[in-house]
Amino acid sequence: MVSLGPSLPHSGLQPAESVKMSASFISTEKVWLDKCKYDDAERQYYETLSRGSAPNNPHNSPQSGAASNSGDSSELAARVANLEQENQSLHKVVKDLQSAISKLESRLSTLEKSASSQPPIKVAAPVQKVQVTPAAKEENGTAEDDDDDIDLFGSDEEEDAEAERIREERLRQYAEKKAKKPGVIAKSSILLDVKPWDDETDMAKLEECVRTVQMDGLLWGSSKLVPVGYGIKKLQIQCVVEDDKVGTDILEEEITKFEDYVQSVDIAAFNKI
């Protein structure tokens, strides 16, 4: 039995008023009166869900179906166009291969024709050794003696003498050429320290005396005065000498001959050039 509503608490109202209020409540509350409609709506909703589409889904409308069909048709058309393009490219590749094969066949036929037109190569027959009998040797003896009398190429002794003469001539020319070629001249660069007696020595005169030393293979260079101490200066002078012609001992001996100006001579630096 369906309840018409919650029981009203005892409020001291009259029975007529209570019945009237109950009737008014039931008239405004339609849930239970329309239960069959709600049940049908709920059943239809779940049936729609079981079929995979909601009742108010915009994708299930006719417009969405038409859009889906148009999208599928455009995709199909694009795939067909791609297939046609691939088919054309394959046709082109096949045509190129056929052309290459025909060219190879023509070249092969040309080579076969040229090979058949060439004459065969002749192979030389092997040389056979012939044994000569003593009788044949006796018959040919006179002819061999006559051939010995004729010297077609001259004697070996004359050839050896000519070769020896040519060899000696070439050796002589090489020796003369080597003697004319100048050899490498060994040279050295020497830096000399020439010390005076005291601070009153005329250093200009001292340098002049040093430069008067002249000999084959000696070349004087730049010079400068270097302070030593207590107002005394020494002469540093550069020179280049040929090692085979000028020695350091001879050079020092020649400079120290100027006893009035030179106290001593030292080698400050010695370098090979």
Side-chain angles (χ1 to χ4, degrees), residues 118 121-124 126-127 129 141 143-273:
Q118 289 181 356
I121 300 174
K122 295 182 180 180
V123 181
V127 179
K129 294 182 179 180
E144 290 177 357
D145 293 340
D146 296 339
D147 293 339
D148 291 340
D149 296 338
I150 302 172
D151 190 1
L152 298 177
F153 303 100
S155 62
D156 295 338
E157 294 179 357
E158 293 179 358
E159 292 179 358
D160 294 342
E162 183 67 18
E164 183 68 20
R165 185 185 65 78
I166 293 173
R167 188 178 68 84
E168 291 179 356
E169 180 68 19
R170 290 179 179 176
L171 289 174
R172 183 182 62 78
Q173 292 177 357
Y174 175 75
E176 290 179 355
K177 185 177 179 181
K178 188 175 181 181
K180 292 178 181 179
K181 185 178 180 180
V184 178
I185 300 173
K187 295 182 179 181
S188 300
S189 175
I190 304 174
L191 182 63
L192 299 174
D193 281 348
V194 183
K195 297 177 183 178
W197 289 103
D198 51 27
D199 58 342
E200 295 180 357
T201 304
D202 188 357
M203 299 303 294
K205 186 65 177 177
L206 185 146
E207 182 179 356
E208 183 182 350
C209 294
V210 170
R211 290 184 180 276
T212 57
V213 177
Q214 297 292 333
M215 58 183 69
D216 188 17
L218 173 63
L219 179 64
W220 292 107
S222 60
S223 63
K224 64 179 180 178
L225 297 176
V226 179
V228 178
Y230 303 102
I232 301 175
K233 296 180 179 180
K234 66 179 179 181
L235 174 67
Q236 273 193 350
I237 187 167
Q238 188 84 22
C239 66
V240 177
V241 298
E242 295 182 12
D243 296 343
D244 295 338
K245 298 179 180 179
V246 180
T248 56
D249 296 337
I250 300 174
L251 192 59
E252 291 178 7
E253 183 179 351
E254 291 295 326
I255 294 173
T256 52
K257 288 181 179 180
F258 303 100
E259 297 178 353
D260 296 338
Y261 302 98
V262 178
Q263 177 189 7
S264 62
V265 178
D266 297 325
I267 297 175
F270 186 93
N271 296 313
K272 291 286 186 180
I273 298 177

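The analysis underlying the following values was restricted to heavy atoms, covering all of them including side chains, and did not include hydrogens, waters or symmetry mates. All values derive from a computational prediction rather than experimental measurement.
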- Between Pro196 and Met203, what is the shortest heavy-atom contact and its length? CG-SD, 3.8 Å

- Query: After noting the C-alpha distance and the side-chain angles of Val210 and Val265, does the key distance pass the side-chain contact (heavy atoms from CB on, under 4.5 Å) rule?
  - Reply: CA-CA 11 Å; Val210 170; Val265 178; over 6 Å; no

- Task: For Glu253, enumerate each residue passing the side chain to side chain contact (heavy atoms under 4.5 Å, CB included) test, keeping only those at least two apart in sequence or located in another chain.
- Result: none

- Among all residues two or more places apart in sequence or in another chain, which pass the side-chain hydrogen bond (donor to acceptor under 3.5 Å, both in side chains) test with Asp193? Lys234, Gln236

- Query: Side-chain contact, heavy-atom cut-off 4.5 Å: Leu206 with Trp197?
  - Reply: no

- Query: Hey, what do you get for CZ (Arg211) to CD1 (Ile255), rounding to the nearest 0.5 Å?
  - Reply: 11.0 Å

- Query: Asp202 side chain to Ala204 main-chain N or O, any donor-acceptor pair under 3.5 Å?
  - Reply: yes

- Check the pair Tyr261 / Val194 against side-chain contact (heavy atoms from CB on, under 4.5 Å), numbers first and verdict last. CA-CA 10 Å; Tyr261 302 98; Val194 183; over 6 Å; no

- Query: Do side-chain atoms of Trp220 reach the backbone of Ile237 as a donor and acceptor pair under 3.5 angstrom?
  - Reply: no

- Message: Going by side-chain hydrogen bond (donor to acceptor under 3.5 Å, both in side chains), name the residues that satisfy it together with Arg172, two or more places apart in sequence or in a different chain.
- Response: Glu169, Glu176

- Item | Distance in Å, Ile273 CD1 paired with Ser189 OG, rounded so as to fall on 0.5 Å steps | 5.0 Å

- Mind running side-chain contact (heavy atoms from CB on, under 4.5 Å) on Leu192 and Asp266 for me, showing each step along the way? CA-CA 6 Å; Leu192 299 174; Asp266 297 325; over 6 Å; no

- Report the distance from atom CD1 of Ile232 to atom CD of Glu200, rounding to the nearest 0.5 Å. 10.0 Å

- Message: Check this for me, if you would: do Arg165 and Glu168 make a salt bridge, where the nitrogen-to-carboxylate-oxygen distance has to be below 4.0 angstrom?
- Response: no

- Item | Atom pair SG/CG of Cys239 and Leu251 - distance to nearest 0.5 Å | 5.5 Å

- Query: Does the side-chain contact (heavy atoms from CB on, under 4.5 Å) test come out yes or no for Leu191 and Ile267, once each step is laid out?
  - Reply: CA-CA 6 Å; Leu191 182 63; Ile267 297 175; over 6 Å; no

- Query: Side chains of Arg170 and Arg167: does their closest heavy-atom pair fall under 4.5 Å?
  - Reply: no

- Message: Which residues pass the side-chain hydrogen bond (donor to acceptor under 3.5 Å, both in side chains) test with Asp198, not counting sequence neighbours?
- Response: Thr201

- Message: Return the NZ to CD distance between Lys224 and Gln238, rounded to the nearest 0.5 Å.
- Response: 10.0 Å

- For Ser188, side chain to side chain contact (heavy atoms under 4.5 Å, CB included) partners two or more places apart: Val241, Asp243, Phe270, Lys272

- Quick one: pull up CD in Glu259 and NZ in Lys257 and give me the separation to the nearest 0.5 Å. 10.5 Å

- Any residue meeting side-chain hydrogen bond (donor to acceptor under 3.5 Å, both in side chains) with Gln263, in chain and number order, not counting sequence neighbours: none

- Task: State, to 0.1 Å, how close Glu207 and Ser223 come at their nearest heavy-atom pair, and which atoms those are.
- Result: OE2-OG, 2.5 Å

